[in-house]
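What you see below is based on every heavy atom in this structure, not just the backbone, and it leaves out hydrogens, waters and symmetry mates.
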Amino acid sequence: MKQVALILSAALTACGSSAMAASPCPPGFAQLQDSTTCVRISGRVRAETILRSSRGRVSDTMTNQTSGRVQMDVRKQTEYGPVRAFISVDGVRR
């Protein structure tokens, strides 16, 4: 595990910190190629299963539930100031 961390550290150092510092994007955002537009795509997934059993096991039940969220945040500096677009989509299945 330490070897992987050392390899990643060496690769980041080889890229040079000046290339990372030149990005106009806030931390966590990626710059679109040939543009000053910054994008961040994030989200989460949740799944749970609930088991209920009785002493006789005649009425055992199992319930599944899943949910998820996807978010996209786009930012760009314009001559009028910063412009931001934010989209969030949620879904639940029972």
Run the numbers on M72 and V70 for side-chain contact (heavy atoms from CB on, under 4.5 Å), then give the verdict. CA-CA 7 Å; M72 185 168 81; V70 177; 6.0 Å; no
Please report the interatomic distance [atom1]([X]) to [atom2]([Y]), rounded to the nearest 0.5 Å.
X   : Y   : atom1 : atom2 : value
R75 : F86 : CZ    : CZ    : 9.0 Å
L32 : D34 : CG    : CG    : 10.0 Å
R69 : R46 : CZ    : CZ    : 11.0 Å
T63 : I50 : OG1   : CD1   : 6.0 Å

When you look at CZ of R52, are more than 12 heavy atoms from neighbouring residues, nucleotides or ligands closer to it than 6.0 Å?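 Count not over threshold, so no.
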Kindly check if the number of other-residue, nucleotide or ligand heavy atoms within 6.0 Å of CZ (R84) is above 12? yes
Side-chain touch Q77/P24, heavy atoms, less than 4.5 angstrom: no
Out of T37, D73, V39, I41, which one pairs with F29 under the side-chain contact (heavy atoms from CB on, under 4.5 Å) rule? D73
Are I87 and V74 grouped together when hydrophobic residues (ILVMFWY) are joined by side-chain heavy atoms under 4.5 angstrom apart? yes
The test is side-chain contact (heavy atoms from CB on, under 4.5 Å); show your working for S67 and E48 and say whether it passes. CA-CA 9 Å; S67 64; E48 66 181 39; over 6 Å; no
So, for Q31 and T36, which heavy atoms are closest and what is the spacing to 0.1 Å?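 Here Q31 and T36 meet closest at NE2-CA, 4.0 Å.
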Residue pair C38 / P26: nearest heavy atoms and the distance that separates them: SG-CD, 4.3 Å
